[in-house]
Each structure stands twice: as structure tokens, then as C-alpha cells.
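Position 1 is the first residue of the sequence, and the numbers go up from there. FYI, side chains are in, hydrogens and waters are out, and symmetry mates aren't considered; it's all heavy atoms of this structure. Small disclaimer: the values here were computed from a predicted structure and weren't measured.
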Amino acid sequence: MKYMLLFIRDEGIEEDDATLNANHAAINEWFGEYGPEGKILGGEELQRSSTATTIRWSDGRQLVTDGPFVESKETVAGFAIFEAADLDEAIAAAKKWPPKNQAVEIRPVIIHDDM
């Protein structure tokens with residue numbers, strides 16, 4: 001099964017350079033652990049939510065606005081598409097996500113046979 005791992009962080013928490021560097025090194029190790037096994041099918045770090053653009057329908061017309069759809073202190077910082085035998089395997093990998101000030105949301109990916 002494929003799972004989307006969403007890495008969630010509080011953008012209000014500022015980290016010093018040493019913490020940022022340590023987190024990036026640990027994240028690279030995490031991706032290195034699962035990448036060679038073919039478990040990670042793709043993924044990227046995302047820029048802050050303030051760089052987002054949201055398009056939505058309102059009163060029958062499209063509105064384009066700067067910023068995220070919902071204002072929240074916790075935002076998606078990045079993602080990975082993860083191939084796992086089952087949810088337990090995806091959870092085990094997510095539990096190893098190194099930044100302890102972040103959360104990992106796990107969602108099964110719907111596979112459409114007609115695409």
C-alpha cells in the first residue's frame with residue numbers, strides 16, 4: 001500500500017542554526033534509511049505556508065488568495081509517499097521521524113485503476 005506521510009510543524013517555533021542543521025542531518029538519515037529499500041517513492045520539503053496560494057470557489061466564481069486555506073499555527077512542512085505492507089509498517093517508519101517538535105500525519109493513498 002501507498003501512504004502519504006505529511007510532516008507537520010509549528011511555524012511559530014523558531015530554531016537556531018545548530019538545531020536546524022541537526023534536524024536536516026537527521027532527516028537526511030531518515031530518508032537514507034528508507035530510500036535504498038524502495039520504501040520512499042517521492043517527497044519534498046515545502047516552503048512556509050506564507051508562500052502558499054489558494055484557489056477556491058465562492059458564489060460560483062474562483063477566488064485566488066495569498067496564503068493557506070486555513071490559518072493555523074501548524075502547517076505541512078513536507079511530505080513523502082511511502083510504500084508499506086500495511087499501516088503498522090508506515091507507523092513504525094513515522095515514529096522514527098527525527099524532529100521531535102513535529103508531527104507526522106499518515107494517510108492511505110487511493111489508487112484509481114483507471115488512471
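Glu29 places none of its side-chain heavy atoms less than 4.5 Å from the side chain of Pro98. The shortest side-chain heavy-atom distance between Ile8 and Thr75 does not fall under the 4.5 Å cut-off. For the pair Arg9/Arg48, a side-chain contact is recorded, criterion being any heavy-atom separation below 4.5 Å from C-beta on.
Applying the side-chain contact (heavy atoms from CB on, under 4.5 Å) criterion to Met4, with sequence neighbours excluded, gives Leu6, Phe79, Ile81, Val109. Not counting sequence neighbours, Glu44 has no partner by the salt bridge (Lys or Arg N to Asp or Glu O under 4.0 Å) test. Remark: Ala93 engages Trp30, Tyr34, Phe82 in a side-chain contact (heavy atoms from CB on, under 4.5 Å) (not counting sequence neighbours). For Gln62, the side-chain contact (heavy atoms from CB on, under 4.5 Å) criterion is met by Ile55, Trp57, not counting sequence neighbours. Glu33 is linked by a salt bridge (Lys or Arg N to Asp or Glu O under 4.0 Å) to Lys96, counting only residues two or more places apart in sequence or in another chain.
Rounding to the nearest 0.5 angstrom, the gap separating the CG atom in Leu87 from the CE atom in Met1 is 8.5 Å. Considering CD of Glu105 and CZ of Phe7, their distance stands at 11.5 Å, rounded to 0.5 Å.
Summarising the local packing, NZ of Lys100 is surrounded by more than 12 heavy atoms from other residues, nucleotides or ligands at distances under 6.0 Å. In the displayed structure, Gln47 atom CD is contacted under 6.0 Å by at most 12 heavy atoms of other residues, nucleotides or ligands.
Two different hydrophobic clusters hold Leu41 and Leu5 under the rule that ILVMFWY side chains link at heavy-atom gaps under 4.5 Å. Ile40 and Leu46 are members of different hydrophobic clusters when ILVMFWY side chains are connected at heavy-atom separations under 4.5 Å.
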Could you give the side-chain donor-acceptor pairs of residues 13-20 under 3.5 Å, partners two or more places apart or in another chain?
residue, atom, partner, partner atom, Å
Glu15, OE2, Asn23, ND2, 3.2
Glu15, OE2, Asn101, ND2, 2.7
Asp16, OD1, Ala18, N, 3.2
Asp16, OD1, Thr19, N, 2.7
Asp16, OD1, Thr19, OG1, 2.8

